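Please read these numbers as outputs of a predicted model, since none were measured by experiment. In this chain, numbering begins with 1 at the start of the sequence shown.
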Amino acid sequence: MTSIARLRDFVVRFTVLHERGLDRDALQQEGAGLLRSLVAQDDWLPEEFAQPHPERYSQYLLHCDPLERFSVVSFVWGPGQKTPLHDHRVWGLIGMLRGRESETQFVRDADGRFRAGETSYLEPGEVALLAPGVNDYHQVANALTDRTSISIHVYGDNIGGVSRATYDPETGAEKSFISGYSSAVVPNLWDRSKNKGAD
């Protein structure tokens, strides 16, 4: 039975972590531990936030801090779906909940063009970190061609409202975008009337 209690507990713990006033590195390191605990169990994500789109990946908002200090998002990837090369401009954590995800890092040369670097893979329960100026240019894909993959992302802002960019790797040409979200609603974390005993 799906119980959203794990997500609620994560949001509360991450908010408390934020209140400690840690620098970015410490916040990411400690936050990665919280996210690792969340994605270690695949029994809490409501089905409506786990649905793939037939043509493109979906980005469902699960929670946004009221002060927009961080957001929690489920990325749902249909078989073989991928992003263009893009940036974030805020820090992020990526936790693998279901399936398998590939991430190819890119390095930007002085002429503005990009070179593909290492490709790594995330398995269920694993967490990766990203930060502007460190490893912010990448392309992400569902590494599976026969089933859906789902990753849980935490960003240092309301990521659906951040002005970011996609890039043409060959020319370096940049196209600005604001991603928004695939969903018009968020999960109700605060209703404890359901699943009594489980929450």
>> Run the side-chain contact (heavy atoms from CB on, under 4.5 Å) test on Val127 and Ile94 for me, step by step, so that the C-alpha distance in whole Å, both residues' side-chain angles and the decisive distance to 0.1 Å come before the verdict.
In response: CA-CA 5 Å; Val127 173; Ile94 304 167; over 6 Å; no
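- In this structure, Trp77 and Val140 have side chains that are in contact, with non-hydrogen atoms separated by less than 4.5 Å.
- Using a distance-only test at 3.5 Å, with no hydrogens or angles considered, a donor-acceptor pair links the side chain of Gln139 to the main chain of Thr83.
- Two residues are said to be in side-chain contact when any heavy atoms from C-beta on lie closer than 4.5 Å; Leu45 and Ser74 meet this criterion.
- No donor-acceptor pair under 3.5 Å is formed between the side chain of Glu103 and the backbone N or O of Ala141.
- In this structure the side chain of Glu30 reaches within 4.5 angstrom of the side chain of Arg20, judged on heavy atoms.
- At distances below 3.5 Å, not a single donor-acceptor pair connects side-chain atoms of Asp157 with backbone N or O atoms of Ile159.
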>> With side-chain contact (heavy atoms from CB on, under 4.5 Å) as the criterion, how do Arg8 and His63 come out once you've worked through the C-alpha distance, each side chain's angles and the decisive distance to 0.1 Å?
In response: CA-CA 9 Å; Arg8 180 172 62 239; His63 176 75; over 6 Å; no
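- The 12-atom threshold is exceeded at CZ of Arg24, counting heavy atoms of other residues, nucleotides or ligands nearer than 6.0 Å.
- Within the hydrophobic cluster formed by Ile, Leu, Val, Met, Phe, Trp and Tyr side chains joined at under 4.5 Å, directly or through other members, Phe114 is accompanied by Leu85, Phe106, Tyr137, Tyr167.
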>> Quick one, Leu130 with His88, criterion side-chain contact (heavy atoms from CB on, under 4.5 Å). Give me CA distance, side-chain angles, the key distance, then yes/no.
In response: CA-CA 9 Å; Leu130 59 89; His88 306 85; 3.7 Å; yes
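- For Arg108, the CZ atom sits in a packed shell: over 12 heavy atoms of surrounding residues, nucleotides or ligands are nearer than 6.0 Å.
- Contact of the Leu129 side chain with the Gln29 side chain is registered, since non-hydrogen atoms from C-beta on lie closer than 4.5 Å.
- Side-chain contact between Tyr181 and Cys64 is absent, with no heavy-atom pair separated by less than 4.5 Å.
- Leu22 and Leu67 sit in two unconnected hydrophobic clusters of ILVMFWY residues. Membership requires side-chain heavy atoms under 4.5 Å apart, directly or through other members.
- Within the 4.5 Å cutoff, the side chain of Trp44 has heavy atoms near those of the Leu38 side chain.
- Within the 4.5 Å cutoff, the side chain of Leu27 has heavy atoms near those of the Trp91 side chain.
- The aromatic rings of Phe75 and Tyr57 lie parallel to each other, with less than 30° between the two planes, well short of the 60° mark.
- In this model, a donor atom of one side chain and an acceptor atom of the other lie less than 3.5 Å apart for Ser179 and Gln59.
- Just one residue in the list Val39, Leu97, Asp42 forms a side chain to side chain contact (heavy atoms under 4.5 Å, CB included) with Ile150, and that residue is Leu97.
- Using modelled atom types and a 3.5 Å distance limit, the side chains of Ser151 and Glu101 yield a donor-acceptor pair.
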> Given the rule in the salt bridge (charged side-chain N to carboxylate O under 4.0 Å, His left out) test, do Arg6 and Asp43 qualify, once you have shown the distances and angles that lead to the verdict?
Replying inline: CA-CA 9 Å; Arg6 291 188 201 279; Asp43 62 356; 2.7 Å; yes
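- Tested against His86 for a side-chain hydrogen bond (donor to acceptor under 3.5 Å, both in side chains), the candidates Lys175, Arg164, His138 yield a single pass: His138.
- Here Glu123 pairs with Arg100 under the side chain to side chain donor-acceptor pair (under 3.5 Å) rule; sequence neighbours left out.
- Annotation: Glu118, atom CD; neighbour count of heavy atoms from other residues, nucleotides and ligands within 6.0 Å does not exceed 12.
- With sequence neighbours excluded, the residues satisfying side-chain contact (heavy atoms from CB on, under 4.5 Å) with Arg115 are Val107, Asp109.
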